[in-house]
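Take a look at the structure below.
All residue numbers in this chain count up from 1 along the given sequence. This structure is a prediction, so every number in the text was calculated from the model and none was measured.
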Amino acid sequence: MLNATTKICAIIGDPVAHSMSPAMHNAGYEVLGLNFAYTAFRVNGEQLHRAVEGIRALGIRGVSVTVPHKIAVMEYLDEIDATALKIGAVNTIVNTDGKLKGYNTDWEGAMRSVEEGTSIEGKTVVMLGAGGAARGIGFGLLQRKAKKLVILNRTAEKARELASEMGVEYGNLDELKERLAEADILFQTTSIGMHPHESETLVPKELLRPDLFVTDAVYNPFETRLIREAREARCAVALGYRMLLWQGVTQFELYTGVKEAPVEVMEKALIEHLSKK
Ligand code: NAP
């Protein structure tokens with residue numbers, strides 16, 4: 001039951017109507033009996049600055065930031081955590097007495113999802129995609145000491161830009177076969193395979209072998225064609241929803257100050273919400 005002391009958190013983005021974050025965070029508040037509530041605000045680019053001032057004026061405690069504002073929001077904050085600054089994107093704002101600090105929990109969510117199944121240190125990783133998700137994931141892979149990272153993207157120029165920022169190798173999708181042959185981990189970060197194009201994949205099934213760990217950032221559908229075919233090829237896999245879960249867990253802890261978020265309850269809420277899509 002909301003009351004005058006309820007702390008409000010929210011996600012801002014455009015679109016946000018189908019966001020999974022409210023279900024996941026509210027389930028956590030409920031099970032811990034926290035006087036918090038989490039909602040969603042649709043905010044377009046023109047409204048972004050005023051929306052951020054609104055966070056401050058209304059004392060909104062925590063705000064998750066999604067597409068298309070993760071970069072643009074940075075100039076309106078009072079402080080940005082060093083890691084988020086390095087990645088160049090913020091997905092989390094914490095309001096402490098009117099001071100707004102930006103964080104990035106996406107990268108850590110992605111790394112935790114992989115580390116549930118395999119270690120990253122010393123591994124060779126092929127990352128497909130050079131968009132927004134790839135920035136944080138690439139940063140995380142290097143932070144976790146991957147031995148080698150190769151960025152492959154449809155538009156090779158974008159792969160080149162990101163790879164030169166990170167000091168790693170790059171190429172276009174034609175190189176997939178030879179690059180995968182030497183890889184331990186494949187991290188798929190493009191939107192290929194996402195609803196309503198579930199039948200698409202960038203990776204021919206014959207390139208998948210049992211000693212390749214395969215992870216896909218796409219979480220809708222729950223199991224993408226790439227993940228299904230990787231399982232059929234006896235690869236160990238990480239599903240995209242795990243990344244979503246873990247980035248939300250870190251946000252939950254930042255907003256509430258709780259040391260260990262109720263992960264299982266948040267996961268259940270997330271899966272229920274995803275299965276309704
Ligand atoms: P983005 O910035 O728009 O980047 C899209 C990427 O997909 C680019 O590399 C783009 O290549 C590539 N791509 C798009 N259409 C393609 C096609 N037909 N053939 C080959 N490549 C294509 O998007 P994003 O924010 O990085 O998100 C990418 C995916 O990750 C989305 O499905 C999103 O839902 C998911 N995601 C998941 C999580 C999670 O927590 N699990 C978090 C963030 C994002 P070009 O450069 O050539 O256009």
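Shown here for L32 and P262, the closest heavy-atom pair between the two residues is CD1-CD, 3.8 Å. Residue A134 comes nearest to G129 through the heavy atom pair CB-O, 3.4 Å, listed as atom of the first residue, atom of the second, then distance. Scanning all heavy atoms of the two residues, the minimum distance from L274 to Y219 falls at CD2-O, 3.6 Å. When every heavy atom of L212 is checked against every heavy atom of L208, the shortest pair comes out as CD2-CD2, 4.1 Å. The shortest heavy-atom contact between L2 and A37 is CD2-CB, 3.5 Å. Of all the heavy atoms in A238 and T215, the pair that sits closest is O-OG1, 3.1 Å.
Y255 and L58 are not part of a single hydrophobic cluster, where members link through side-chain heavy atoms under 4.5 Å apart. Cluster annotation: I87 and V94 are assigned to distinct hydrophobic clusters (Ile/Leu/Val/Met/Phe/Trp/Tyr, side-chain heavy-atom contacts under 4.5 Å, transitive). Neither L180 nor F187 shares a network with the other; the hydrophobic side chains, linked directly or stepwise wherever heavy atoms of I, L, V, M, F, W or Y lie under 4.5 Å apart, form separate groups for each. In the hydrophobic cluster analysis, where Ile, Leu, Val, Met, Phe, Trp and Tyr join through side-chain heavy atoms closer than 4.5 angstrom, V16 is grouped apart from V63. When hydrophobic clusters are built by joining Ile, Leu, Val, Met, Phe, Trp and Tyr residues whose side-chain heavy atoms come closer than 4.5 Å, directly or via intermediates, V52 is grouped together with V65.
To the nearest 0.5 Å, atom CE of residue M74 and atom CD1 of residue I80 are 4.0 Å apart. Interatomic distance, CE of M243 versus CD of E108, reported as 12.0 Å (0.5 Å rounding). Interatomic distance, Q188 CD to L202 CG, rounded to the nearest 0.5 Å: 5.5 Å. We find the CG-CG distance between N172 and L152 to be 7.5 Å, quoted to the nearest 0.5 Å. Taking CG from L34 and NE2 from H25, the interatomic distance works out to 12.5 Å, rounded to the nearest 0.5 Å. In this structure, the separation between CG on N91 and CG on N104 is 5.0 Å, given to the nearest 0.5 Å.
The ring-ring contact (aromatic ring centres under 6.0 Å, His included) check on Y29 picks up F36, F252, with sequence neighbours excluded. For the ring-ring contact (aromatic ring centres under 6.0 Å, His included) test, residues two or more places apart in sequence or in another chain that qualify with W107 are F139. Residues that satisfy the ring-ring contact (aromatic ring centres under 6.0 Å, His included) test with F41, not counting sequence neighbours, are absent from this structure. For N95, there are no side-chain hydrogen bond (donor to acceptor under 3.5 Å, both in side chains) partners, not counting sequence neighbours.
By the 4.0 Å N-to-carboxylate-O rule, R50 lies too far from E53 to be salt-bridged with it. Between K147 and D184 there is no salt bridge, since no side-chain nitrogen of the basic residue lies less than 4.0 Å from a carboxylate oxygen of the acidic one. E79 and K101 are joined by a salt bridge, as a carboxylate oxygen and a charged side-chain nitrogen come within less than 4.0 angstrom of each other. Taking a cutoff of 4.0 Å between a charged side-chain nitrogen and a carboxylate oxygen, E272 and K268 qualify as a salt bridge.
In this structure, a donor-acceptor pair under 3.5 Å is absent between the side chains of T250 and Y103.
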Original post:
Under the side chain to side chain contact (heavy atoms under 4.5 Å, CB included) criterion, do S275 and F222 qualify, and how do the steps go?
Top reply: CA-CA 8 Å; S275 61; F222 193 69; over 6 Å; no
**OP:** Determine, step by step, whether E115 and R112 satisfy the salt bridge (Lys or Arg N to Asp or Glu O under 4.0 Å) criterion, reporting the C-alpha distance in whole Å, the side-chain angles of both residues, the deciding distance to 0.1 Å, and the verdict.
**Re:** CA-CA 5 Å; E115 287 166 342; R112 287 180 84 164; over 6 Å; no
Original post:
Does the side chain to side chain contact (heavy atoms under 4.5 Å, CB included) test come out yes or no for L176 and L128, once each step is laid out?
Top reply: CA-CA 9 Å; L176 186 59; L128 295 180; 3.8 Å; yes
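Checked options L245, N220, L270; the residue passing with M20 is L270 (criterion: side-chain contact (heavy atoms from CB on, under 4.5 Å)).
In this structure, L141 and M111 have side chains that are in contact, with non-hydrogen atoms separated by less than 4.5 Å. Within the 4.5 Å cutoff, the side chain of F213 has no heavy atoms near those of the K123 side chain. Side-chain contact between E223 and V237 is absent, with no heavy atoms from C-beta onward closer than 4.5 Å. Q47 places none of its side-chain heavy atoms less than 4.5 Å from the side chain of H69. By the 4.5 Å heavy-atom criterion applied to side chains, L162 and V168 are not counted as neighbours. Using a 4.5 Å heavy-atom threshold, the side chains of I192 and L226 count as separate. Taking 4.5 Å as the limit, some side-chain heavy atom of I271 sits within range of a side-chain heavy atom of Y241.
Within 6.0 Å of atom CZ in R209, more than 12 heavy atoms from other residues, nucleotides or ligands are found, so the atom counts as buried in its surroundings. Within a 6.0 Å sphere centred on CD of E260, other residues, nucleotides and ligands contribute 12 heavy atoms or fewer. The environment of E182 atom CD is dense: over 12 non-hydrogen atoms of other residues, nucleotides or ligands sit within 6.0 angstrom. Counting heavy atoms of neighbouring residues, nucleotides and ligands inside a 6.0 Å radius, atom CD of E178 exceeds 12 of them. No more than 12 heavy atoms of other residues, nucleotides or ligands lie within 6.0 Å of CD in E30, so this atom counts as exposed by the packing criterion. Around atom NZ of K205, more than 12 heavy atoms belonging to other residues, nucleotides or ligands sit under 6.0 Å away.
In this structure, the side chain of E161 does not engage the main chain of K158 through any donor-acceptor pair within 3.5 Å. With hydrogens and angles ignored, the 3.5 Å screen pairs no side-chain donor or acceptor of S113 with any backbone N or O of R242. Between the side chain of T201 and the main chain of V203, a donor-acceptor pair closer than 3.5 Å is present. Checking side-chain atoms of E253 against main-chain N and O of A261 turns up a donor-acceptor pair under 3.5 Å. In terms of modelled atom types and a separation under 3.5 Å, the side chain of Q247 and the main chain of L244 share a donor-acceptor contact. Checking side-chain atoms of R225 against main-chain N and O of S199 turns up a donor-acceptor pair under 3.5 Å.
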Listed pairs under 3.5 Å, donor-acceptor, residues 6-13 side chains, sequence neighbours left out:
from, atom 1, to, atom 2, distance (Å)
T6, OG1, N3, N, 2.7
T6, OG1, N3, O, 3.0
T6, OG1, N3, OD1, 3.3
T6, OG1, N35, OD1, 2.9

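Applying the 4.5 Å side-chain rule to ILVMFWY residues, one finds V218 in the same cluster as M194.
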